[in-house]
Q: 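Got a structure here, written out as structure tokens. Questions coming.
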Amino acid sequence: GAGVSQSPRYKVAKRGQDVALRCDPISGHVSLFWYQQALGQGPEFLTYFQNEAQLDKSGLPSDRFFAERPEGSVSTLKIQRTQQEDSAVYLCASSFHSGGLNTGELFFGEGSRLTVL
Amino acid sequence: DQQVKQNSPSLSVQEGRISILNCDYTNSMFDYFLWYKKYPAEGPTFLISISSIKDKNEDGRFTVFLNKSAKHLSLHIVPSQPGDSAVYFCAAGSTGGGNKLTFGTGTQLKVEL
């Protein structure tokens, strides 16, 4: 597709359920990022991939959060045993470049809105 | 600890006038800065960026100014148009600090007719 595609757009989970959020980046983009945006806040960094390598996962809030990009294209963010504080929009972004200012020019998907009841 | 701050949650401007959105940062390691624009139910879209070696960057109606000594940047939109109504996020990154961006909390701009 022409842009970054995320699914599902909306997900309602009961507390304790596992969820999986998918990101399909722009074809050929080397870098892939996951951000979490809580209501009224700016996006917060979760993790970064360069091709299939997860180079930075310092933003993952707990070991319940896991991300993978096994073939260097599609990525999945998995949240185990969801809690109410996990409710947020999860944004995926990709970039052709792999460093510096150019990396900042990210192309974001529309996000997956997770609501944990 | 909010390293990138946008102290004005909202701004209202008349069509045709100048919109000035402000952003302050605390981390002196940041060496590039970006502005993103976000419409409801859409992801943020890149608007304009500036490297710390510059103090100004212009792209059409959009100009970003950087004052490194004050750790302050601003986005000027002139003339403002109704289609500019959106949330604007300031973001900062560090070339030597990985590839993540730190975002501010956003400013909701409303351009009125």
Side-chain angles (χ1 to χ4, degrees), chain A residues 2-7 9-10 23-26 29-51 53-60 67 88-113, chain B residues 1-10 21 23-25 27 29-54 57 59 62 64 66 73 86-108:
Chain A
V4 177
S5 178
Q6 291 188 246
S7 61
R9 289 291 313 278
Y10 303 93
C23 173
D24 204 337
I26 294 171
H29 275 196
V30 169
S31 298
L32 185 145
F33 300 79
W34 284 98
Y35 283 82
Q36 179 191 58
Q37 185 176 15
L39 191 63
Q41 301 298 311
E44 291 198 6
F45 172 81
L46 292 177
T47 187
Y48 160 64
F49 290 86
Q50 186 173 318
N51 296 308
Q54 188 175 20
L55 298 186
D56 188 343
K57 54 181 181 179
S58 62
L60 296 176
V89 175
Y90 290 85
L91 293 164
C92 176
S94 69
S95 171
F96 181 75
H97 301 281
S98 60
L101 178 60
N102 289 329
T103 299
E105 297 176 24
L106 303 178
F107 293 83
F108 281 87
E110 294 175 321
S112 292
R113 180 178 294 278
Chain B
D1 177 28
Q2 195 76 23
Q3 296 188 60
V4 177
K5 299 178 186 179
Q6 293 178 257
N7 292 318
S8 298
S10 64
L21 295 95
C23 178
D24 297 292
Y25 62 96
N27 189 340
M29 298 301 292
F30 289 145
D31 58 4
Y32 60 92
F33 306 87
L34 308 97
W35 286 93
Y36 281 81
K37 175 179 177 179
K38 185 182 182 304
Y39 293 118
E42 294 184 11
T45 55
F46 170 75
L47 195 56
I48 192 168
S49 62
I50 188 166
S51 163
S52 59
I53 62 173
K54 293 186 171 182
N57 189 26
D59 183 2
F62 303 91
V64 56
L66 174 63
L73 63 155
V87 177
Y88 289 78
F89 290 101
C90 171
S94 169
T95 303
N99 293 286
K100 57 190 171 189
L101 293 179
T102 301
F103 284 81
T105 52
T107 297
Q108 172 78 60

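Sequence lines set the chain letters: A, B, ... in the order given, protein chains first and strands last, and positions in each chain run from 1.
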Q: For A:D24, what residues pass the salt bridge (Lys or Arg N to Asp or Glu O under 4.0 Å) criterion, not counting sequence neighbours?
A: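 Once residues adjacent in sequence are excluded, the partners of A:D24 under the salt bridge (Lys or Arg N to Asp or Glu O under 4.0 Å) criterion are A:R22.
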
Q: In terms of heavy-atom proximity below 4.5 Å to chain B, should A:T47 be classed as side chain, backbone, both, or neither?
A: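 Contact with chain B is absent: no heavy atom of A:T47 under 4.5 Å.
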
Q: Out of A:Q37, A:Q36, A:R113, A:Q6, which one pairs with A:Y90 under the side chain to side chain donor-acceptor pair (under 3.5 Å) rule?
A: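 It is A:Q36, the one option of A:Q37, A:Q36, A:R113, A:Q6 that forms the side chain to side chain donor-acceptor pair (under 3.5 Å) with A:Y90.
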
Q: Check the orientation of B:F103 and A:F108. Use parallel for under 30°, tilted for 30 to 60°, and perpendicular for over 60°.
A: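 Because their plane-to-plane angle is over 60°, the rings of B:F103 and A:F108 count as perpendicular.
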
Q: Counting only heavy atoms closer than 4.5 Å, note whether A:R9 contacts chain B via side chain, backbone, both or neither.
A: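 When you check distances to chain B, only side chain atoms of A:R9 fall under 4.5 Å.
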
Q: At a heavy-atom separation under 4.5 Å, does A:F107 approach chain B through its side chain, its backbone, both, or neither?
A: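 Contact with chain B involves no heavy atom of A:F107 at all.
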
Q: Please state whether the side chain, the backbone, both or neither of A:E44 comes within less than 4.5 Å of a heavy atom of chain B.
A: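 Contact with chain B involves no heavy atom of A:E44 at all.
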
Q: Determine whether B:T102 and B:N27 make a side-chain contact, defined as any pair of heavy atoms from C-beta on separated by less than 4.5 Å.
A: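 With C-beta onward as the side chain, the pair stays apart.
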
Q: Restricting to side-chain contact (heavy atoms from CB on, under 4.5 Å), what partner residues turn up for B:N7, sequence neighbours left out?
A: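 side-chain contact (heavy atoms from CB on, under 4.5 Å) list for B:N7, sorted by chain: B:K5, B:D24.
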
Q: So which residue, B:G93, B:G106, B:P44, ends up with the most heavy-atom pairs under 4.5 Å with chain A?
A: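 The option with the most such pairs is B:P44.
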
